[in-house]
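Hydrogens, waters and symmetry mates play no part in the numbers below; they use all other heavy atoms, side chains included.
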Amino acid sequence: MSIEFGREICGNLEIAESREWLVTNGIGGYASGTVAGLLTRRYHGLLVAALKPPLGRTLMLAKLDETVLYGVSAAPPQEARSYFLYTNRWADGIVNPHGYKHIERFSLEGTIPLWGFAVADALLEKRVWMQQGANTTYVQYTLRRATQPLKLTLKAMVNYRDYHSDTQSNDWQMSVEQMEQGICVTAYPGAAPLYILSDCGSASVAHNWYYGFDLAVERYRGLRDKEDHLHAATFEVTLNPGEAIAFVASTEKQPNLNAEVALKLRRAQEQKLTGLWKTNLPLKTKESPSWINHLVLAADQFIVDRSLPEDPNGKTIIAGYHWFSDWGRDTMISLPGLTISTGRPEVARSILRTFARYVDQGMLPNRFPDAGEQPEYNTVDATLWYFEAVRSYYNATDDDTLLGELFPILADIIDWHCRGTRYNIHLDPADGLLYAGVAGVQLTWMDAKIDDWVVTPRIGKPIEINALWYNALRAMAKFARHLGKPHQEYEAMADRAKYRFSRFWNEETGYCYDVLDSPDGDDALLRPNQIFAVSLPESPLTPAQQMGVVEACGRSLLTSYGLRSLAPAYPQYQVKYGGNHYQRDGAYHQGTVWGWLLGPFVLAHLRVYKNPEQARQFLEPMANHLTAHGVGSLSEIFDGDAPMTPRGCIAQAWTVAEVLRAWLATES
């Protein structure tokens with residue numbers, strides 16, 4: 001499929017500002033904005049640099065406001081006309097200017113956004129991309145069609161703040177210095193400099209604050225919705241028909257100013273990714289639809305470097321854009337789809353080794369904080385998903401060397417869970433099932449917490465945790481046999497867990513309990529977590545029970561874009577995700593649809609009905625979703641009721657990963 005919009009989208013501000021684009025640099029930095037060119041989030045910017053890769057993300061260049069003068073050589077001279085190509089909405093709600101009206105088309109070239117601005121008989125193209133491995137953004141303008149020269153003027157709007165924050169300037173004085181081929185902006189002594197450079201044209205220093213940029217999405221999220229940006233400099237250049245100019249925003253003093261070479265490198269990288277996928281998975285990808293090809297490129301946007309003292313070339317996974325970092329749970333869930341399903345097992349290997357170094361008391365860290373504090377060990381499932389990631393990697397590679405390296409760590413994890421570790425995570429000797437939880441702590445993926453209120457505490461024996469535990473034991477038995485180590489104890493523990501897993505079956509409802517032995521008894525709410533008892537490689541349920549789970553989820557939880565986190569029949573069900581922090585987190589796992597759960601549902605459906613074509617049909621709405629919200633990627637969450645409006649992150653790692661993985665599974 002070709003992702004391309006015409007004036008029917010670009011000329012409608014309400015729609016064009018709801019479509020967002022994203023480019024990344026492989027170290028945690030990114031550039032992002034709307035198709036309309038309008039800022040709607042604090043997270044939008046042409047250079048959000050990762051100053052402490054993959055974190056330390058800092059907004060440095062917010063936008064370039066473009067004006068063109070066309071007809072400068074016309075006779076008589078008064079026929080020359082100015083066109084504003086940029087769009088801003090201000091604090092009073094007024095939109096001025098209306099540059100989006102000049103966008104004739106918008107498309108993606110791989111992951112590179114391309115605008116076509118039509119002014120009279122001229123067509124000016126604009127591309128944005130980043131250099132892999134560097135905090136460097138290229139914004140290229142090409143006068144594709146014209147009968148006369150065109151004068152292009154840009155106002156560079158800069159900032160310097162944490163990407164979660166916002167700026168209320170109070171006449172903040174930055175240092176803006178003119179230099180050869182551009183300017184250098186230093187926000188304050190000790191701040192990382194921003195260089196905005198070009199290989200032609202002129203630059204003149206300015207220092208004018210523009211107040212009250214309106215951020216509509218932040219208002220929807222119940223957050224401060226106004227921000228100020230500094231007009232640091234004005235750039236001018238005259239383009240003749242067929243000529244191009246690129247402006248380079250970078251934290252490097254001497255970035256590559258040859259945009260054509262930089263663009264070729266970017267395109268070559270994306271071609272390499274597609275090539276690896278087709279070469280390493282030839283039987284699965286021979287006749288893949290083009291929307292799946294888009295997902296392969298989207299998958300790479302989440303894979304970033306994480307340098308460690310022991311491994312300077314380590315890798316990790318950003319959970320979602322714009323605001324997540326590399327979370328252990330999201331990383332392990334996403335790893336098979338983002339790496340194995342894209343033909344990049346070497347990346348999986350690096351990530352598995354990176355996280356293995358941080359296992360502590362039998363637990364994988366769930367979060368590496370932005371500010372660089374100690375990792376946080378506050379999840380029961382990240383560690384168990386690690387076993388699934390190792391299994392997926394080993395099935396694809398037969399890498400006995402890495403398996404031998406990781407096996408002692410995996411064995412120690414099992415041992416810690418048997419004798420007990422943090423947060424009362426322990427094996428219950430009475431039934432061989434895993435118990436987890438203490439008051440005030442959220443340990444499963446349903447982890448919303450507002451002040452002291454854990455919205456879905458799920459203390460006890462959550463069903464997906466025990467499905468993962470059962471699979472981890474089966475995997476350990478298999479690993480031990482491959483390595484010639486004792487495996488009988490793991491087999492025995494798995495057999496007991498499977499036998500007692502029958503406790504989860506609720507005969508009265510015809511599907512599974514969500515949590516056993518909670519402080520309030522067994523929890524019979526219909527949630528999607530039971531789908532993992534069918535979708536994981538080893539199911540502890542009988543075939544009849546598996547069918548009951550799939551049918552119950554299909555009737556009450558399935559939507560076009562994923563599974564609801566709670567069935568609509570319950571009074572706790574929330575129709576819409578939105579509002580302030582309290583309202584959003586209160587709805588996060590109380591009905592909100594999660595895109596990543598579509599993958600496990602498809603795998604479970606495939607297991608029960610053994611109909612690949614029918615299972616694949618559940619994925620097809622995601623092809624259309626690629627043209628909405630985060631254009632070219634898949635969203636984190638959606639409203640519970642139709643039309644299931646996308647919410648949350650515009651690009652979410654585990655959504656992309658699980659849709660890719662499920663699609664490959666349905667290919668015979």
Side-chain angles (χ1 to χ4, degrees), residues 329 332 361-364 378-388 391 410-439 441-447 456-478 487-509 511-542 544-546 548-549 600 604:
R329 173 192 296 120
M332 294 310 141
Q361 297 182 40
M363 295 179 69
L364 209 71
N378 59 358
T379 165
V380 63
D381 51 354
T383 310
L384 300 175
W385 280 112
Y386 187 71
F387 284 84
E388 283 307 303
R391 187 213 301 258
L410 299 175
D412 188 57
I413 290 172
I414 297 292
D415 185 54
W416 269 102
H417 280 67
C418 287
R419 70 176 187 260
T421 185
R422 299 177 179 89
Y423 306 115
N424 202 19
I425 299 171
H426 68 276
L427 187 68
D428 186 344
D431 58 11
L433 299 177
L434 208 60
Y435 185 99
V438 294
V441 180
Q442 65 281 30
L443 293 178
T444 73
W445 78 275
M446 291 187 163
D447 59 354
T456 51
R458 305 185 72 229
I459 296 172
K461 298 168 184 172
I463 187 167
E464 82 280 11
I465 300 305
N466 281 281
L468 285 164
W469 173 247
Y470 172 67
N471 274 265
L473 295 172
R474 290 292 188 216
M476 281 300 288
K478 176 183 177 181
H487 62 85
Q488 294 83 355
E489 183 178 357
Y490 298 121
E491 292 282 15
M493 293 171 64
D495 289 342
R496 185 150 189 263
K498 180 177 181 179
Y499 174 71
R500 296 298 287 166
F501 204 91
S502 60
R503 292 188 57 209
F504 280 102
W505 185 251
N506 186 337
E507 203 66 53
E508 182 179 344
T509 62
Y511 52 81
C512 292
Y513 288 103
D514 187 55
V515 183
L516 296 178
D517 301 337
S518 81
D520 298 318
D522 296 340
D523 183 355
L525 291 177
L526 178 52
R527 294 189 183 275
N529 303 298
Q530 59 191 288
I531 202 69
F532 296 104
V534 187
S535 67
L536 287 167
E538 304 281 350
S539 176
L541 299 175
T542 68
Q545 291 170 344
Q546 293 172 21
V549 167

Checking Asp522 now: which residues fulfil salt bridge (Lys or Arg N to Asp or Glu O under 4.0 Å) with it, not counting sequence neighbours? none
Worked check of side-chain contact (heavy atoms from CB on, under 4.5 Å) between Cys418 and Met493: CA-CA 10 Å; Cys418 287; Met493 293 171 64; 3.2 Å; yes
Student check: side-chain heavy atoms of Leu384 and Asn471 closer than 4.5 Å: no
Contacts of Arg422 that satisfy salt bridge (Lys or Arg N to Asp or Glu O under 4.0 Å) - sequence neighbours left out: Asp360
Sorted by chain and number, sequence neighbours left out, side-chain hydrogen bond (donor to acceptor under 3.5 Å, both in side chains) with Gln546 holds for Ser539
What verdict does the side-chain contact (heavy atoms from CB on, under 4.5 Å) test give for Val549 and Cys512, after you've listed the backbone C-alpha separation in whole Å, the side-chain angles of each residue and the deciding distance to 0.1 Å? CA-CA 7 Å; Val549 167; Cys512 292; 3.9 Å; yes
What do the steps show when you test Leu526 against Tyr511 for side-chain contact (heavy atoms from CB on, under 4.5 Å), and what is the final call? CA-CA 8 Å; Leu526 178 52; Tyr511 52 81; 3.7 Å; yes
Is any side-chain N of the basic residue among Asp517 and Arg503 closer than 4.0 Å to the acidic one's carboxylate O? yes
Please enumerate all residues that pass salt bridge (Lys or Arg N to Asp or Glu O under 4.0 Å) together with Arg391, with sequence neighbours excluded. Glu388
Verdict with supporting geometry, Tyr423 and Asn378, side-chain contact (heavy atoms from CB on, under 4.5 Å): CA-CA 8 Å; Tyr423 306 115; Asn378 59 358; 4.1 Å; yes
Donor-acceptor pair, Thr383 side chain versus Leu364 backbone, under 3.5 Å? yes
Do Tyr386 and Leu410 make a side-chain contact, defined as non-hydrogen atoms from C-beta onward lying under 4.5 Å apart? yes
Between Ala467 and Ala533, the two heavy atoms sitting closest are CB-CA, 3.9 Å
Which atom of Pro600 lies closest to which atom of Ser535, heavy atoms considered: O-CB, 3.2 Å
Nearest-0.5 Å distance that lies between atom CG in Leu443 and atom CD1 in Ile465: 8.5 Å
So, taking the atom named CD in Glu489 and the one named CD1 in Ile414, what distance separates them when rounded to the nearest 0.5 Å? 10.0 Å
Contacts of type side chain to side chain contact (heavy atoms under 4.5 Å, CB included), residue Ala411, not counting sequence neighbours: Phe407, Met476, Tyr490
Under 4.5 Å between any side-chain heavy atoms of Leu427 and Trp469, yes or no? yes
Could you pull out all residues at least two apart from Asp447 that satisfy side chain to side chain contact (heavy atoms under 4.5 Å, CB included)? Trp327, Arg329, Gln442, His589
Sequence-distant partners of Thr444, side-chain hydrogen bond (donor to acceptor under 3.5 Å, both in side chains), two or more places apart: Arg458
Output all residues satisfying side-chain hydrogen bond (donor to acceptor under 3.5 Å, both in side chains) with Lys498, sequence neighbours left out; order by chain, then residue number. none
Can you name the side chain to side chain contact (heavy atoms under 4.5 Å, CB included) partners of Asp523, sequence neighbours left out? Asp514, Val515, Leu525
About how many Å separate CH2 of Trp505 and CD of Gln545, when rounded to the nearest 0.5 Å? 5.5 Å
Side chain to side chain donor-acceptor pair (under 3.5 Å) partner of Trp445, chosen from Asn529, Thr379, Asp381, Thr456: Asn529
Answer with yes or no whether the side chains of His426 and Asp428 bring together a donor and an acceptor at under 3.5 Å. no
CG of Leu473 to NZ of Lys478, rounded to nearest 0.5 Å, is 15.0 Å
Over all heavy atoms of both residues, which pair between Arg496 and Gly432 is shortest? Give the atoms and the distance, please. NH1-N, 3.2 Å
Minimum heavy-atom separation for Met446 to Pro528, with atom names? CE-CD, 4.0 Å
For a quick test of reading the model, state the closest non-hydrogen atom pair linking Ile459 to Ala439 and the distance between them. CD1-N, 3.8 Å
Looking at Trp385 versus Phe532, is the centre-to-centre ring distance below 6.0 Å? yes
All ring pair (Phe, Tyr, Trp, His ring centres under 6.0 Å) counterparts of Phe501, not counting sequence neighbours: Phe504
Mind checking side chain to side chain contact (heavy atoms under 4.5 Å, CB included) for Asp412 and listing every partner two or more places apart, or none if nothing turns up? Trp416
Any side-chain heavy atom of Met363 sitting closer than 4.5 Å to one from Thr421? yes
Between the CG atom in Leu536 and the CZ atom in Arg474, the distance rounded to the nearest 0.5 Å is 13.5 Å
All side-chain hydrogen bond (donor to acceptor under 3.5 Å, both in side chains) counterparts of Asn466, not counting sequence neighbours: none
